[in-house]
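Beneath this line is the structure, given in structure tokens, with notes to follow.
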Amino acid sequence: MSDALKIRLRGLKKRFGDKVVLDGVDLDVRAGRSMVILGGSGSGKSVTIKCILGLIRPDEGLIEIDGRDVAKMSREERAAILDRTGMLFQNGALFDSLPVWENVCFKLLAQRRITRAAAREKAAEVLEQVGLAASVGDLSPAELSGGMQKRVALARAIAAQPDIIFFDEPTTGLDPIMGAVIDGLIVDCVKKLGATAFSITHDMASARRIGDDAAMIHKGRIVWTGPANALGDTGNAMVDQFARGEREGPIQMELRK
Amino acid sequence: MTRFLDLLALIGRALISACRTLGDVALFALAGASHLVRPGFPFRQFGRHFVEIGYFSLPVVALTALFTGMVLALQSFTGFSRFNAESAIASVVVLSVTRELGPVLAGLMVAGRIGAAMAAEIGTMRVTDQIDALTTLSTDPMKYLVAPRLLAATLAMPLLVVVADILGVFGGFLIGTVKLGFVPQIYLARTFDVLQTMDVVSGLVKAAVFGFLIALMGTWCGYNSKGGAQGVGQATTRAVVASSILILALDYVITEAFFSR
């Protein structure tokens, strides 16, 4: 385990119109560790990931990857960061117009690191890693079940052997068994690659399975960080209420005015 | 006085909004077109869209042109016979089709078919995070989604209009000779006597401009769609309406540029 910081966020702020989504997020993610961010719907989890990936520009704050300020990077340097990043989207975000094998090797093909013939073989190999037969590669994403789509999305996220992988609600929409299977695959793949994982979820079982460290975001701020295996008994009233799914506690359901 | 100021404010807001949209579209077009001359152009995507636009639009464009040519000959005969000017029908058909009806009707048909499909496909990609996924996969969405569509539509439309021109003229010829009793050789001779290179060239230039516009509005509306299915539906409608209106407006501008004296 390394003590080096892979990702460092300081004072990250983002608002959409009048709505403050991130209100000064401070977070450290150590290299080679799996960090899980917990939080309710609309707490700013997805926006945090999108800010780190450069999909959304934050209003204020610092984002460092490998000790370098992302905002001060050139276009090429940012592209280089994305080259060694993988992302599993909540709904898979597979490209409907391409067969599964092309989805899996999309980045390798786009960067011309591989021929189309070699990409087919590589896709079969990566699909096998996520428990899918090579023949799935010839199917269209629309022909797959939700669980299979998640596996293909995971295969796409790891195919280029990234050293940082982001997981956006990896088990949302899956039954508990399939959720556990996906979590197991995530843990295996991340360990095999030696990558740093950054996941967001509101599934407590999933958070415990895939996380080394955990943090809770509430109203755009990190309110707790600690080991993932302590979830449910952290001594922090907000985290414990969230982990146990209790109605009563410091977190109140907000009604939209 | 307050009402007057409110009205002025309303007009001002609408004007500012229109200018902002125009600027957005222009920047979007530049960003997309810039990838045509940068390395790594996705030729595979270009080929797919070229076939989709140029080949699969052929039936609808061909039928539209054929029937338009037929109706034009019939209507011209009805009108011109009042002035004993029936002999001008061949000229009217060929000039109308090559200069105006071929490119405009093909443009409107392709806008309905392709512009809507582009907006729906890219809009769906937007609302299902596929565009963000492209970015995380080290691929510029403008290069992968917009540039090949712009080039494919700009190149495919003139080819479609050549087919539309031929079938439109053929439709007029068919009605002229079979129903109205013209001698085929004389009808064709009159057609080619009056036809000049500039008539065809102006139509092809219009077609290329209309193709670019259809792809631009389809991709822009899709790229900026928001929300779920409703947002995609609205983007599709906006793409077809905007490209249809722009086709008609630019038709006038190009006609003025080619033929005004």
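Note on naming: letters A, B, ... go to the chains in the order of the sequence lines (proteins, then strands), and numbering restarts at 1 for each one. The figures that follow rest on heavy atoms only: side chains count, while hydrogens, waters and symmetry mates do not.
- Residues A:Arg112 and B:Gly40 come closest through the heavy atom pair NH2-CA, 3.5 Å.
- No part of A:Arg78 comes within reach of chain B, as not one of its non-hydrogen atoms sits under 4.5 angstrom from that chain.
- Rounding to the nearest 0.5 Å places CZ of B:Arg44 at 3.5 Å from CZ of A:Arg116.
- Using bins of under 30°, 30° to 60° and over 60° for the plane-to-plane angle, the ring pair B:Tyr144/A:Phe106 lands in the perpendicular bin.
- The CG atom of A:Asp83 sits 3.5 Å away from the OG atom of B:Ser138 when rounded to the nearest 0.5 Å.
- Side-chain atoms of A:Phe95 and B:Leu134, non-hydrogen and from C-beta on, do get closer than 4.5 Å to each other.
- Inspection of non-hydrogen atoms places A:Lys50, A:Leu53, A:Leu55 of residues 35-68 of chain A under 4.5 Å from chain B.
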Let me see the working for A:Phe166 and B:Thr136 under side-chain contact (heavy atoms from CB on, under 4.5 Å), right down to the final yes or no.
-> CA-CA 10 Å; A:Phe166 295 88; B:Thr136 66; over 6 Å; no
Check the pair A:Arg156 / B:Leu137 against side-chain contact (heavy atoms from CB on, under 4.5 Å), numbers first and verdict last.
-> CA-CA 9 Å; A:Arg156 185 174 71 179; B:Leu137 292 164; 3.7 Å; yes
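- Annotation: B:Gln230, atom CD; neighbour count of heavy atoms from other residues, nucleotides and ligands within 6.0 Å does not exceed 12.
- Put simply, CG on A:Leu98 and CZ on B:Arg48 are 7.5 Å apart, with the number rounded to the nearest 0.5 Å.
- Minimum interatomic distance between A:Ala93 and B:Thr128 (heavy atoms only, all atoms of both residues): CB-O, 3.5 Å.
- Enclosure of atom OH in B:Tyr252 is not indicated, since only 12 or fewer non-hydrogen atoms of other residues, nucleotides or ligands lie within 6.0 angstrom.
- In this structure, A:Glu128 places its CD atom where only 12 or fewer heavy-atom neighbours from other residues, nucleotides or ligands lie under 6.0 Å away.
- In this structure, chain B has a heavy atom under 4.5 Å from the backbone of A:Leu94, while its side chain stays farther away.
- Residue A:Leu88: no heavy atom, backbone or side chain, is found under 4.5 Å from chain B.
- Heavy atoms closer than 4.5 Å to chain B are found in both the backbone and the side chain of A:Asp96.
- In this structure, CD on A:Gln111 lies 7.5 Å from OG1 on B:Thr139, to the nearest 0.5 angstrom.
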